[in-house]
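Sequential numbering from 1 along the given sequence is applied to the chain's residues. Note that this is a predicted model, so its numbers are computed, not measured. Atoms within each ligand, like the ligands themselves, are counted from 1 in listed order.
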Amino acid sequence: MRTSGVPETDVRRRIATDMADDVPWNRVLNSICTEPHPLGVEMAAAAAHTNLGDVRIFRGTKRIERKVVQLLLDLLGHPGGGSGSLVSGGTEANLIAMLVARETARARGTLTDRPEVVVSSTVHFSFTKVFGLLGLTPVVVPVDDDLRLPAAEVARRIGEHTVAVVATAGSSEFGVVDAVDEIGPVVRGRNVHLHVDAATGGFIIPFARELGHDLPQFDFSVDGVDSITIDPHKYGLANVPAGAILFRGAQDAGRFAVDSFFVDTPVHNTLLGTRPGSAAISTYAVLEHLGRDGFCSLTRTNFEVTAHLVAGLRAAGHELAAEPQLNIVVVKMEHAVRISQLLESWGWIVSTSKRFGETLRLVVTRHVTREMVDEFLPVLERARRE
Ligand code: PLP
């Protein structure tokens, strides 16, 4: 650290210089995060000092966390019930879900010395971290031809060691929604926790269904669903790192409870001790301001832009690797890695898969417009020809 500080203007300039190197959103086609809503940003800045780990001081902010949890439970088919916490993104949410699943099995007396979790081969890699940390063994079920976790196979793989099944509502690689409405009934009644990772789909599927898109039901309205991960900081337009873990059971969020050293300080139900109140405030601001109508309108635009991109790609002779269910478009492409690197050198960011061969993955999130797509398509063709 320097001995004497530099003036504020100097600090601002240096930070602006480094941040100018970040890629602007209008060149980003690989991210499930997006530019947060200006109201969320403003309110998060006002709450920059708040810490949900100290609820004696930040009791008003804690009240807002509880309101956000209720709003999310309401969005996900469990109005007026359940429990949950705001956490740091999808990884912490998935970790807490698996911890609660393990502890529920322990409380039931069904926990064995080799607890297993049934997952699909496309489950998010955050579970690899979670299973390593919690000593859980994944039982990996290959996805079917539609890239979904097959319910019949889930039923077959549940055994005496199974503590949980994980379904995904909006996979990272393809945006595929597992048939949770078929998986729920095969898990129900088997003393196994069913977790739905809707980190990405949680802020699209409910509104897309409202708009008439044919997508499976994936939330607490499906019997058997015990917990759901949903990430306001992704398609929910809230500030990073707003994540949430929600449970059907009113007591379930409390199954992971660690006491603090001090009198009158409530137990912690989350892995993180210090938690940014700003993420809760930002989420509350955006949910309240946009409401269902606002999110439906964003989702309608999202699907229109996705269709526009798909039409443009097809018109240029491209073949999709799968029909998009949500807003992720995966295109078959020879020399995909070289093309992606070339695009990046020209300022455009796309993804290429390590597991699905020669493909480019394009994410149509909230900042992707028709104009941006129209700008991108000729650049893609130029990159292919180089
Ligand atoms: N689950 C899914 C389906 C995801 O797509 C992601 C991130 O992309 C995560 C979990 C992990 O979320 P985070 O990166 O916020 O920890």
Checklist entry - Do W348 and L380 have side chains that get closer than 4.5 Å, going by heavy atoms? => result no

Tell me which donor-acceptor pairs under 3.5 Å the side chains of residues 283-299 have, and how far apart each pair is, sequence neighbours excluded?
unit_1: T283; atom_1: OG1; unit_2: A279; atom_2: O; d: 2.7
unit_1: R292; atom_1: NH1; unit_2: E210; atom_2: OE1; d: 2.7
unit_1: T299; atom_1: OG1; unit_2: F295; atom_2: O; d: 2.7

Checklist entry - Considering only heavy atoms, which protein residues lie less than 4.0 Å from any atom of ligand 1? => result I32, G89, G90, T91, N94, H124, S126, G170, S172, D197, A199, T200, D231, H233, K234

Checklist entry - Salt bridge or not for R157 and E153, using N-O below 4.0 Å? => result yes

Next on the checklist: Could you go through D252 and S83, starting from their C-alpha distance and side-chain angles, then the distance that decides it, and tell me whether this counts as side-chain hydrogen bond (donor to acceptor under 3.5 Å, both in side chains)?
Outcome noted: CA-CA 7 Å; D252 278 353; S83 56; 6.0 Å; no

Checklist entry - Relative to W25, does R366 satisfy both conditions: NZ or CZ under 6.0 angstrom from the six-membered ring centre, and within 45 degrees of the ring's axis? => result no

Checklist entry - Counting heavy atoms not belonging to R106, are there more than 12 under 6.0 Å from its CZ? => result yes

